Amino acid sequence: MPELPEVETTRRSIAPHLVGRRITQVTTTRASYFFLTPPRELEQRLTGRRIAQLTRRGKYLLAELDDGSSLLLHLGMTGQLFTASARSVRLLNATRGAALQPEAQDTFAPDLHTHLILDFDDAGERVLFRDVRKFGKVLWIPAGKSDPRLSKLGVDALTASGDVLFERTRGRKINVKTLLLDQGVFAGVGNIYADESLFRAGVRPTRAANKLSKKECDKLCVGLVQVLTRSIETGGSSISDYVRPDGSDGGYQNERKVYAREHEPCSACGTAIKRIVLGARSTHYCPHCQK
DNA sequence: CGTTACACCTGAGGGC
DNA sequence: TGCCCTCAGGTGTAAC
């Protein structure tokens with residue numbers, strides 16, 4: 001699901017509904033591995049807290065609370081953060097592409113996949129965290145503490161530089177695609193943007209990481225930052241599950257060059273895009289353009 | 001270090 | 001219609 005651009009799009013839309021508000025009620029589904037902090041404790045820790053800030057680290061969202069503690073959220077593959085407004089309802093309740101039924105309802109009715117609901121002390125909307133596959137995560141972090149999930153992260157992928165990549169790839173025989181997915185290198189890179197940035201750089205995903213030249217590392221990072229930046233501008237990629245918090249589709253799925261385009265002609269040379277599996281992940285590239 | 005497999009879940013879509 | 005299979009923007013672990 002969401003990679004850096006989708007998480008950032010989510011952060012920007014949902015921040016105004018979180019920051020500055022005081023939590024009055026926390027509603028959850030039953031305990032599961034989704035809750036790294038158990039529901040009961042979560043309710044106790046969050047109730048009465050005001051959210052001071054919402055930041056992003058790679059694919060994680062971090063809500064900083066007024067007592068110095070924070071709430072860490074990960075959207076996993078199918079996680080969605082949204083408010084209960086009508087537009088959210090549209091794509092969350094209806095099959096993609098189905099006709100809009102404006103009279104249907106004006107708030108989202110929480111279903112069995114809505115694992116966390118926050119209510120606040122003002123007249124604004126409630127905020128919901130829904131996740132069909134439950135690969136998402138919720139963790140409360142005490143004031144002054146950190147969590148290995150965060151401390152393991154490399155620099156944010158939006159600040160990726162060839163210098164860092166060159167240094168991090170020396171001595172690594174692993175294929176460069178799999179290395180890009182390592183959150184300890186550049187936090188936030190996922191399957192779509194790994195493939196897209198490799199295409200931009202003309203680098204074949206199977207290449208051994210330590211065989212990349214400095215110039216190739218530079219090019220790859222430039223491509224990566226461009227792809228991520230452009231995707232954020234368009235609201236992310238809506239390919240299978242992801243929709244923006246307001247219920248609308250992102251726009252980047254229309255600009256991707258290789259991801260999920262197996263057998264389609266390369267936009268640059270016409271060669272059929274190839275799909276292989278690397279590190280158990282679907283990988284797409286142009287056999288002609290990517291050396 | 002590296003690769004592979006598997007585990008955690010649910011739902012959509014294809015083939016028969 | 002149902003059944004069985006494969007696939008999906010992620011992450012973590014264990015075995016070799």
Side-chain angles (χ1 to χ4, degrees), chain A residues 1-10 29-36 56-61 72-81 91-98 111-115 130-139 147-154 157 168-197 206 208-210 224 227-228 231-232 234-245 249-256 258-262 275-284:
Chain A
M1 132 1 67
E3 306 181 31
L4 187 153
E6 291 76 30
V7 177
E8 178 60 19
T9 299
T10 298
T29 50
R30 64 161 70 185
S32 69
Y33 56 85
F34 178 85
F35 295 103
L36 298 177
R56 182 188 56 74
R57 303 267 322 265
K59 299 173 197 170
Y60 288 94
L61 289 174
L72 184 66
L73 306 174
H74 195 289
L75 301 180
M77 289 282 270
T78 51
Q80 309 169 301
L81 264 184
L91 287 169
L92 291 163
N93 276 352
T95 304
R96 175 86 49 85
D111 59 8
L112 76 166
H113 300 304
T114 307
H115 300 295
R130 183 171 184 266
D131 183 3
V132 171
R133 289 177 76 183
K134 280 200 323 203
F135 288 168
K137 293 283 177 281
V138 178
L139 173 71
D147 184 84
R149 287 172 180 76
L150 288 180
S151 33
K152 276 193 314 200
L153 296 179
R168 293 297 302 265
T169 50
R170 296 310 93 179
R172 301 290 304 272
K173 291 182 185 170
I174 190 174
N175 68 72
V176 61
K177 158 69 183 279
T178 302
L179 180 130
L180 279 178
L181 294 178
D182 180 350
Q183 301 299 294
V185 179
F186 295 135
V189 183
N191 214 26
I192 297 177
Y193 304 103
D195 284 4
E196 293 298 317
S197 57
T206 50
N210 62 357
L224 178 60
V227 162
L228 295 174
S231 184
I232 292 170
T234 62
S237 298
S238 292
I239 293 173
S240 71
D241 291 298
Y242 175 77
V243 294
R244 305 173 70 164
D249 277 346
Y252 199 75
Q253 66 281 1
N254 302 317
E255 300 190 20
R256 84 207 128 92
V258 290
Y259 183 82
R261 290 205 188 280
E262 186 187 13
R275 174 185 177 275
I276 58 173
V277 174
L278 286 180
R281 307 301 302 277
S282 231
T283 299
H284 316 76

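Numbered from 1 within each chain, the chains take letters A, B, ... in sequence-line order. Note that the structure is a prediction, hence the values are computed from the model and not measured.
In this structure, A:His115 places its NE2 atom 9 Å from C1' of B:dC9, rounding to the nearest Å. Look at CD1 on A:Ile239: it is 10 Å from C1' on C:dA8, rounded to the nearest Å. A straight line from NZ of A:Lys59 to P of C:dT11 spans 4 Å, rounded to a whole angstrom. In this structure, A:Asp182 places its CG atom 10 Å from P of C:dT11, rounding to the nearest Å.
Going from the C1' atom of B:dT3 to that of C:dA8 covers 23 Å, rounded to whole Å.
Per the stacking criterion (ring centres < 5.5 Å, plane angle < 30°), A:Tyr33 does not stack onto the base of B:dC8.
Under the Watson-Crick and G-U wobble criteria, each requiring two contacts below 3.5 Å, nucleotide B:dT3 is paired to C:dA15.
For the pair A:Glu196 and A:Arg256, the salt-bridge criterion is not met [side-chain N within less than 4.0 Å of a carboxylate O].
The residue among A:Arg133 and A:Leu181 whose nearest nucleotide of DNA chain C lies closer to the 5′ end is A:Arg133.
In this structure, A:Ser282 reaches the sugar-phosphate backbone alone: every heavy-atom distance under 4.0 Å involves primed, P, OP1 or OP2 atoms, never a base. Nucleic acid contact class of A:Arg275 (heavy atoms, under 4.0 Å, all strands): sugar-phosphate only.
Aromatic ring pairs are classed by plane angle as parallel below 30°, tilted from 30° to 60° and perpendicular above 60°; the pair A:His115 and A:Phe35 is perpendicular. Ring-plane geometry between A:Tyr252 and A:Tyr193 is classed as tilted, the angle between the planes lying from 30 to 60 degrees on a 0 to 90 degree scale.
Side-chain contact annotation: A:Asp241 with A:Thr78, donor-acceptor N/O pair under 3.5 Å absent.
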